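This report concerns only the one structure given below.
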Amino acid sequence: KKASIGVTGLAVMGRNLARNLARHGHTVALHNRSEERTRSLVEQFGDEGDFIPAYSAQEFVDALERPRQIVIMVKAGGPTDAVIEEFAPLLEPGDVIVDAGNAHFADTRRREKALRERGLHFVGTGVSGGEEGALNGPSIMPGGSKESYESLGPLFEDISAKVDGEPCCTHIGADGAGHFVKMVHNGIEYADMQLIAESFDLLRGAAGYAPAEIADVFRTWNTGRLDSYLIEITADVLKHVDAATGKPFVDVVEDAAEQKGTGRWTVQIGLDLGVPISGIAEAVFARSLSGSKPLRSAAQGLGGPSRAPLTGAALETFADDVEQALYASKVVAYAQGFNQIQAGASEYGWDIDLGRVASIWRGGCIIRAKFLNDITAAYADEPGLPTLLTSGGFRKAVEDAQDSWRSVVSTAVKLGIPTPGFSTALAYYDGLRADRLPAALVQGQRDYFGAHTYRRVDREGSFHTAWATEDRTESPS
Ligand code: NDP
């Protein structure tokens with residue numbers, strides 16, 4: 001019997017993906033650069049399904065049904081290219097190579113093009129949900145050709161997470177579309193985490209709640225519109241008490257947030273595409289600031305406002321106000337992320353169904369949340385929606401939240417509690433809805449020092465004012 005799919009790269013992710021496939025009744029060929037991982041998988045989990053271990057590239061390729069489907073799950077970057085080069089010469093036209101690692105979508109586009117010229121399908125696939133997701137059902141975001149999805153799709157849909165009976169897997173679009181969408185998913189994840197962290201900081205710093213009390217507040221929120229995996233785990237983290245010291249866990253952890261790079265990629269690409277994804281950018285910068293230890297220690301003692309915590313009515317409504325601010329800021333962060341996907345789709349010619357993207361994020365991945373149903377509904381109501389903020393339901397909810405949102409941001413400013421996520425989201429909202437922006441003045445400055453020209457509100461064409469002359473005459477340019 002031959003295998004319907006093979007997995008090469010059997011560290012935590014590959015091993016769990018292979019086990020997930022086998023548990024669903026698929027025969028899986030196994031391969032890893034060093035033999036040990038292959039052997040241990042078969043020894044420990046061989047009884048979970050049908051595995052065909054292979055100890056050479058040729059043996060692996062020979063174990064597969066045609067068209068062959070090979071999933072590469074190795075360290076992203078050079079190793080992925082090395083593995084592709086190892087297998088591509090052994091494959092035949094129509095075979096499919098899947099890269100399920102965290103590749104940069106530009107690498108995926110390059111690899112897809114090169115392999116297409118060799119008659120092979122190359123499918124860059126986002127896989128979200130970490131090792132637990134890989135084993136029990138991840139959210140899967142495959143790019144590549146439609147044709148490759150015909151054979152691969154049923155397998156991936158089978159092993160993906162399911163929500164309301166629907167698989168959290170769909171064909172995202174051609175070449176690098178899957179990895180692009182996975183990248184933006186991670187960027188949104190950064191923004192969402194930052195906003196939740198700011199909510200905690202405010203509840204503690206402005207309202208004086210203890211971490212365990214904040215956990216209870218989050219648990220309450222988790223029964224409403226903010227119901228999500230991230231809120232749920234945050235409550236657990238905040239409840240946790242350090243065994244060694246008896247202190248809240250959150251107080252014994254060093255406050256320097258690390259990052260692996262997908263958030264940074266999202267922001268870099270946002271800049272390249274000219275999409276204002278300020279919520280994601282602030283979240284990445286907030287991690288960088290937290291990790292800038294020398295800078296932070298040099299700045300210790302810089303003057304701030306005296307912190308008189310809230311009292312009376314302001315204190316009473318504060319948790320609810322923060323919930324509103326968190327919700328509104330979250331809508332902004334997702335609106336920005338979906339606009340980035342839209343911009344990527346138009347730049348690279350992908351046909352991406354944004355409502356479907358939201359729906360496959362409902363299970364398996366880190367940002368899974370009820371809220372995503374509302375995004376799917378928003379795009380179903382209006383497929384060409386320019387921003388989530390103008391769709392009926394979100395518009396009303398954010399308008400209703402704005403008084404609280406503004407009050408929370410101003411409390412933060414007054415008390416000197418940093419809320420880059422809440423603040424930038426509000427500035428974006430106000431920027432978008434503004435009738436006139438001071439960009440007109442910026443255009444004047446640019447024309448003054450660089451003769452960069454400007455357009456007028458009342459006439460067609462570009463103009464330049466002779467700023468250095470006395471009469472400052474304007475002429476068309
Ligand atoms: P690692 O990223 O730690 O990679 C280890 C695997 O890569 C091993 O199988 C290793 O083989 C193989 N490898 C490294 N270099 C080479 C090479 N030059 N040639 C052949 N094989 C090589 O494994 P993970 O399981 O953590 O992640 C796999 C992929 O999944 C990565 O791209 C990662 O970014 C992505 N990912 C990871 C998630 C996670 O939560 N860990 C979540 C989502 C995606 P050997 O055993 O011989 O050293």
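Residues take their numbers from the sequence shown, with the count starting at 1. All heavy atoms count here, side chains included; hydrogens, waters and symmetry mates do not. Note that the coordinates shown come from a computational prediction; the quantities given were computed from them, not determined experimentally. Numbering of ligands and ligand atoms starts at 1, following listing order.
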Is any NZ, NE, NH1 or NH2 atom of the basic residue among Lys239 and Glu213 found under 4.0 Å from an Asp or Glu carboxylate oxygen of the other?
-> no
Anything under 3.5 Å between a donor and an acceptor, one on a side chain of residues 267-287, the other on a protein residue two or more places apart or in another chain? List them.
from	atom 1	to	atom 2	distance (Å)
Ser278	OG	Gln336	NE2	2.9
Arg287	NH1	Glu258	O	2.9

Given [options], which one has a non-hydrogen atom that is nearest to [atom]?
| atom | options | value |
| --- | --- | --- |
| atom 15 (N) of ligand 1 | Gly126, Pro79, Ala103 | Pro79 |
| atom 37 (C) of ligand 1 | Glu85, Lys260, Met13, Glu36 | Met13 |
| atom 21 (N) of ligand 1 | Arg33, Arg15, Glu132 | Arg33 |
| atom 36 (N) of ligand 1 | Asn102, Val12, Thr38, Asn16 | Asn102 |

Which residue and non-hydrogen atom of the protein lie closest to [atom], and at what distance in Å?
| atom | answer |
| --- | --- |
| atom 47 (O) of ligand 1 | Ser34 OG, 2.8 Å |
| atom 9 (O) of ligand 1 | Asn32 OD1, 2.7 Å |
| atom 40 (O) of ligand 1 | Gly130 CA, 3.5 Å |
| atom 30 (O) of ligand 1 | Met73 SD, 3.5 Å |
| atom 23 (O) of ligand 1 | Ala11 CB, 3.5 Å |

Do you know the tightest heavy-atom contact between Met183 and Thr262?
-> CG-O, 3.9 Å
Tightest non-hydrogen contact, residues Lys2 and Ile52, listed as C-CD1, 4.1 Å
So, Gln69 versus Ser151: side-chain donor-acceptor pair below 3.5 Å or not?
-> yes
Side chain, backbone, both or neither: which applies to [X] and ligand 1 if a contact is any heavy-atom pair less than 4.0 Å apart?
| X | result |
| --- | --- |
| Leu10 | backbone |
| Lys75 | both |
| Val127 | backbone |

Would you verify whether the NZ or CZ of Arg39 falls within 45 degrees of the ring axis of Tyr55 while also being under 6.0 Å from that six-membered ring's centre?
->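 Judged by the rule (NZ or CZ under 6.0 Å from the ring centre, within 45° of its axis), Arg39 counts as positioned above Tyr55.
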Find all atoms of ligand 1 within a distance of less than 4.0 Å from any non-hydrogen atom belonging to [X], and give their numbers and elements.
| X | value |
| --- | --- |
| Val83 | 19 (N), 20 (C) |
| Gly9 | 9 (O) |
| Gly101 | 29 (C), 30 (O), 32 (O), 35 (C) |

Check the angle between the aromatic planes of Trp361 and His185 and answer parallel, tilted or perpendicular using the 30° and 60° thresholds.
->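 Ring orientation, 0 to 90° scale: perpendicular.
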Taking the inter-plane angle between the rings of Phe371 and Tyr327 on a 0 to 90° scale, is it parallel (under 30°), tilted (30 to 60°) or perpendicular (over 60°)?
->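 Answer is perpendicular, since the angle exceeds 60°.
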Calculate, to the nearest 0.5 Å, the distance between atoms CG and NE2 belonging to Asp158 and His26 respectively.
-> 3.5 Å
Taking atom CD1 of Ile367 and atom OG of Ser128, what is their separation to the nearest 0.5 Å?
-> 7.5 Å
Kindly confirm or rule out an N or O of Val74 lying under 3.5 angstrom from an N or O of ligand 1.
-> yes
Ignoring angles and geometry beyond distance, decide whether Arg37 reaches within less than 3.5 Å of ligand 1 through its nitrogen or oxygen atoms.
->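 Indeed, backbone or side chain, Arg37 has an N or O that close.
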Only counting residues at least two apart or in another chain, list the ones meeting side chain to side chain contact (heavy atoms under 4.5 Å, CB included) with Lys260.
-> none
